[in-house]
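Following: one structure in structure tokens, then a few remarks.
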Protein chains: 2
Amino acid sequence: MVPDPATYPYARPALTVDCVLFGLDAEDLKVLLIRRKLPPFQDQWALPGGFVRVAETLDQAALRELREETGVEDVFLEQLYTFGEIDRDPRDRVVSVAYYALINLEDHPLEAGTDASQAGWFPLDPVPALAFDHRSIFTLALGRLQGKLRYEPIGFELLPAKFTLTQLQGLYEKVLGQPLDKRNFRKKILKMNVLVPLAEKQQNVRHRAAQLYRFDEARYQQLREKGFSFEL
Amino acid sequence: MVPDPATYPYARPALTVDCVLFGLDAEDLKVLLIRRKLPPFQDQWALPGGFVRVAETLDQAALRELREETGVEDVFLEQLYTFGEIDRDPRDRVVSVAYYALINLEDHPLEAGTDASQAGWFPLDPVPALAFDHRSIFTLALGRLQGKLRYEPIGFELLPAKFTLTQLQGLYEKVLGQPLDKRNFRKKILKMNVLVPLAEKQQNVRHRAAQLYRFDEARYQQLREKGFSFEL
DNA sequence: ACAAAAGTGTTCACGTTACACCCATGC
DNA sequence: GCATGGGTGTAACGTGAACACTTTTGT
């Protein structure tokens, strides 16, 4: 039950969002971190994030902070968990709604925004020491990503719109940290009927050019309504 | 990045918790609702919940509200999602961290607390009209419960400590809304080795007394570390 | 011609599904 | 003795895992 805020007697915790932004490049999965300009944790690495304003939703706040601090615009974004330990910020009671986000590094090179003196992509092992409880947030985000990858088609967010099956397999291997069998992987993913082959192949490779595919989102939604579930 | 709250220029949203408490009785799965004493949504049904205090964590706030409004003490509680739409409360900007909770109705009969004029258990179809965006919260909670039930052993939270395989199967059928094959269900769950048969049988039933089991939490954790995953 | 990655099928083991009858107990 | 739910095995089927060679392209 919600008492009338006009008569609400308690002090309010502050409310922030923090974002774990994952990107995939040719080598491996990376996470975006910001170097803090101010205390506490001055000059330490931290997740991009900031205070939620009263006139924006949580999702909007997360997108705004990502834009302001990293210049990133079009990302897949999903709420992760809300962190409310009492002492997670040494200055004040701050509750933070954490998000994870996925982006394709080939199409979106990083440009640091104005809020941060530095921003950079870091490989996952090891992740540098992080401010606040950001390591816990990061760890939870990675676990969620690994989990969701298995039963929802979110991996495509980390790839360019047109991709090869080898790229897709590589993505799964890098994120899950285990090798997969090429033939079985292809059989399984193609049988799902959510990938459409394009009338186009790889260019400028010094080996046999691979078929390019795109993920058919509409087809996926259609199948999902009939009880189909993506699983790898 | 988190600016110093001392110099923080923005108004703070209010922060609440709301709980979707599920209980299972002999007939079906039920949800606990509170009748609101005050406007807005006066006399409508709502989820138990209330404001988060600065000196308590989110989990503590959820447990406190459950205790105050329903008298319930020992529950399985897990954070669900944080709702931050701007107009979800007509009076003020209120962000709410939603939880879902599971309880065994046989061991814990309801006693309404002081905060609510009425509280009651409702079957799920149909759920009555709810205040605020509580229907969305409820719907998400039910989906989460159904999803988690399949790959985590949380169902036992809805049963008494000692239960029969038929009770367990009934729980799965009621929550997932589909019939299961008795022999296959038993084979599968027993093969997991997380149920221990007790030296005890049902009493006072007018048919063959069933074997009682308990869930072996320690064994489950042990198996889980070796890569085992509960699945039904 | 050689290096490099693309592409392709079959076999086997295992897990999932479907299915029907006898047993113990209380009334 | 009858009504009620408890308890059990097997066969067919489908899915997942293991595994190696030929093709295409650029240099």
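Here the structure is a predicted model, which means the values were calculated and not measured.
- Taking the six-membered ring where tryptophan is involved, the planes of A:F215 and A:Y220 are tilted, since the angle between them lies from 30° to 60°.
- Residue A:R183 is the one, among A:K201 and A:R183, whose nearest nucleotide of DNA chain D lies closer to the 5' end (criterion: closest heavy atom).
- A close approach under 4.0 Å does occur between a side-chain nitrogen or oxygen of A:T166 and OP1 or OP2 of C:dA6.
- For B:K191 and D:dG9, the NZ to P distance is 14 Å, given to the nearest whole Å.
- When the nucleotides D:dT8, C:dT17, C:dT8 are ranked by their closest atom to the side chain of A:K182, C:dT8 comes out on top.
- Evaluation of atom-type donor-acceptor distances gives a pair under 3.5 Å for the side chain of A:K187 against the base of C:dT10.
- Within 4.0 Å of B:Q211, counting heavy atoms only, lie sugar-phosphate atoms of the nucleic acid but no base atom.
- Residue A:N184 contributes atom CG, which lies 15 Å from atom P of C:dT11 at whole-angstrom precision.
- For B:R206 and D:dT4, a side-chain-to-base donor-acceptor distance below 3.5 Å is absent, hydrogens and geometry of angles not being considered.
- Rounded to whole angstrom, the span from the CD atom of A:Q169 across to the C1' atom of C:dA5 amounts to 12 Å.
- Residues A:R35 and A:D43 have side chains in contact (heavy-atom distance under 4.5 Å, counting atoms from C-beta outward).
- Between the CG atom of B:N204 and the P atom of C:dG26 there is a distance of 8 Å, given to the nearest Å.
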